[in-house]
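Input: a single structure, listed below in structure tokens.
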Amino acid sequence: MTADTNSLAHGASCDDLALTLSEAGTGRPVLVLHGGGGPATVAGIAAHLSSTAHTLTPVHPGWEGTPRPEWLTGVDDLAMTYLHLLHDRDLRDVLVIGSSLGGWIAAEMAVRDTAGVISGLVLIDAVGVHIAGESITNFFALDARGAAEHTWHDPDRYYVDPAAIPADQRAIRQANMATMRVLAGEPYMHDAKLLRRLSRVDAPALLLWGESDRVVTPAYGAAYAAAFANAHLEIIPEAGHLPHIEQPGATFALIGAHARRTTNSRA
């Protein structure tokens, strides 16, 4: 297919689910998966990569007011939905990048990718596995200040008083969190079987972790990386759970190097 260099937002049919999808650029396909904060949190990654790649950035069903069908009740459903998208588009040599919840989705995709369409993974402060002694912070139990303290290296810079958010935006955020509870609330933010399955993933994985992340610690990230057959961990200083926002230069450089290492030009 031919993709415009400007971002295109449209619906994409995947089985009986209409996805909201933004696309930009040409070249190697890169699927960019957002976390609980919504697509705006990974917009910078997609924009940066679109100068050299064909980026596809879906809105997870149920986020930002998009419909979520009743059957879509788990992260495994999202993983299969996005694998079907890649197959339906006949895409190969795909780099999948996921932030937080999006990283979990990417890992679930990789363990199910029997056709080998994924040639590289980037997991950014991902959740999704159970690591003994490294519990995942219960984000649902945090107030706005607590969320900022756990998420950011510099929480004062990024904290937003909920009272200052327009009512319509607050409603969207609340709906996003309600969807996340359905998909990842029980068991909380992990699949008990995923960790042992990662050793079967052939695609090289890069795990990027903010040094100051208190949602999932760098120790959690190290154990996550060790479970893959072929992965390495990079710690990003002066960054928390979203290093691509706090330290975009360092994050984008690491992603770019991994993209060059993993591309299969014959795909």
task = Apply the side chain to side chain contact (heavy atoms under 4.5 Å, CB included) test between S99 and each candidate in L123, L242, I245, L208; give the one that qualifies.
result = L242
Enumerate, atom names and distances included, each donor-acceptor pair closer than 3.5 Å involving a side-chain atom of residues 102-110, sequence neighbours excluded.
from	atom 1	to	atom 2	distance (Å)
W104	NE1	E108	OE2	2.9
E108	OE1	R112	NH1	2.6

request  = May I ask you to decide whether R170 forms a salt bridge with D168, counting only side-chain N to carboxylate O separations under 4.0 Å?
outcome  = no
inquiry  = Heavy-atom count check: over 12 atoms from other residues, nucleotides or ligands less than 6.0 Å from R261 CZ?
reply    = yes
remark   = Shortest non-hydrogen pair, G27 vs H54, comes out as O-CB, 3.6 Å
ask   = Does the Q247 side chain pair with the main chain of E238, one donor and one acceptor, at a distance under 3.5 Å?
value = yes
message = Closer than 3.5 angstrom, by distance alone: can the side chain of H258 be matched with the main-chain N or O of P204 as a donor-acceptor pair?
response = yes
query = Taking atom types as modelled, is there a side-chain donor on H153 or S212 under 3.5 Å from an acceptor on the other?
reply = yes
note = Residue pairs passing the salt bridge (Lys or Arg N to Asp or Glu O under 4.0 Å) test with at least one member in residues 210-235, sequence neighbours excluded, are none
Heavy-atom side-chain contact between L198 and V111 under 4.5 Å = yes
ask   = So do the side chains of Y82 and H87 get within less than 4.5 Å of each other, counting heavy atoms only?
value = no
ask   = Is M180 close to W63 at the side-chain level, that is, under 4.5 Å between some pair of heavy atoms?
value = yes
message = Is the distance between the ring centroids of H241 and H150 under 6.0 Å?
response = no
message = To check you understand the geometry: which heavy-atom pair defines the closest contact between P39 and V59, and what is its length?
response = CG-CG2, 3.9 Å
task = Check whether any side-chain heavy atom of I124 lies under 4.5 Å from a side-chain heavy atom of P243, and answer yes or no.
result = yes
inquiry  = Taking L101 as the starting point, is it possible to reach L21 by hopping between hydrophobic residues whose side chains are less than 4.5 Å apart?
reply    = yes
task = Decide whether H130 and Y188 meet the rule of one side-chain donor and one side-chain acceptor closer than 3.5 Å.
result = no
query = So, do I118 and L83 sit near enough that their side-chain heavy atoms are less than 4.5 Å apart?
reply = yes
ask   = Do I97 and L78 belong together in a cluster built from hydrophobic side chains that touch within less than 4.5 Å?
value = no
task = Begin from the C-alpha positions of I45 and F252 and carry the test side-chain contact (heavy atoms from CB on, under 4.5 Å) through to its verdict.
result = CA-CA 7 Å; I45 297 174; F252 295 165; 3.8 Å; yes
key: Closest heavy-atom pair and its distance - D125, G240   = OD2-O, 3.5 Å
ask   = Quick one: CG on L206 to OG1 on T262, what's the gap to the nearest 0.5 Å?
value = 9.5 Å
task = Quick one: do H190 and V127 satisfy side-chain contact (heavy atoms from CB on, under 4.5 Å)? Show the steps, please.
result = CA-CA 7 Å; H190 75 278; V127 297; over 6 Å; no
task = Check the pair E64 / R173 against salt bridge (charged side-chain N to carboxylate O under 4.0 Å, His left out), numbers first and verdict last.
result = CA-CA 8 Å; E64 307 299 300; R173 291 189 180 196; over 6 Å; no
ask   = Given side chains that start at C-beta, do those of R92 and V117 come closer than 4.5 Å, heavy atoms only?
value = yes
inquiry  = Using 0.5 Å steps for rounding, measure from the CG atom of L72 to the CE atom of M80.
reply    = 12.0 Å
task = Verify side-chain contact (heavy atoms from CB on, under 4.5 Å) between L142 and T137, making sure each step is shown before the conclusion.
result = CA-CA 9 Å; L142 299 176; T137 295; 3.9 Å; yes
note = With sequence neighbours left out, the residues meeting salt bridge (Lys or Arg N to Asp or Glu O under 4.0 Å) with D156 are R145
key: CZ-CG distance between R196 and D191, expressed to the nearest 0.5 angstrom   = 9.0 Å
query = Any link between M177 and I136 through a network of hydrophobic side chains (Ile, Leu, Val, Met, Phe, Trp, Tyr) touching at under 4.5 Å?
reply = yes
message = Within this structure, what is the CG-CG distance for the pair N230 and L121, rounded to the nearest 0.5 Å?
response = 10.0 Å
message = Side chains of S50 and T55, heavy atoms from C-beta outward: is any pair under 4.5 Å?
response = yes
query = Below 4.5 Å, heavy atoms only, C-beta onward: do L95 and T263 meet side chain to side chain?
reply = no
key: Remaining members of the apolar cluster that contains Y159, side-chain heavy atoms under 4.5 Å   = none
request  = Using atom types as modelled and distance alone, determine if a side-chain donor or acceptor of H232 lies under 3.5 Å from a backbone N or O of A225.
outcome  = no
inquiry  = Minimum heavy-atom separation for P58 and L33, please, with both atom names.
reply    = CG-CD2, 3.8 Å
ask   = Is it true that a side-chain atom of H48 and a backbone atom of G256 form a donor plus acceptor pair closer than 3.5 Å?
value = no
request  = Tell me, yes or no, whether the heavy-atom count around D202 atom CG, taken from other residues, nucleotides or ligands under 6.0 Å, exceeds 12.
outcome  = no
query = Can you get from V75 to W71 by hopping between Ile, Leu, Val, Met, Phe, Trp and Tyr side chains that sit under 4.5 Å apart?
reply = yes
ask   = Who pairs with D161 by salt bridge (Lys or Arg N to Asp or Glu O under 4.0 Å), at least two apart in sequence or on another chain?
value = none
query = If you look only at pairs with a residue in residues 27-53, which of them pass as a salt bridge (Lys or Arg N to Asp or Glu O under 4.0 Å), with sequence neighbours excluded?
reply = R28-D93
query = Do you know which two heavy atoms are closest between A147 and F139, and how far apart they sit?
reply = CB-CZ, 3.7 Å
Common cluster, L85/L49, ILVMFWY with side-chain heavy-atom separation under 4.5 Å = no
Gap between atom OG1 of T73 and atom CG of D77 - 0.5 Å precision = 5.0 Å
ask   = CG/L183 to CZ/R68 distance, rounded to the nearest 0.5 angstrom?
value = 6.0 Å
inquiry  = Parallel, tilted or perpendicular: which one describes the rings of Y224 and Y220, with boundaries at 30° and 60°?
reply    = perpendicular
query = Do the side chain of T151 and the main chain of A148 share a donor and acceptor less than 3.5 angstrom apart?
reply = no
message = How close do L19 and P61 get, counting heavy atoms only, and between which atoms?
response = CD2-CG, 4.0 Å
task = With side-chain contact (heavy atoms from CB on, under 4.5 Å) as the test, would you mind laying out the steps for V96 and V122 before giving the verdict?
result = CA-CA 6 Å; V96 181; V122 178; over 6 Å; no
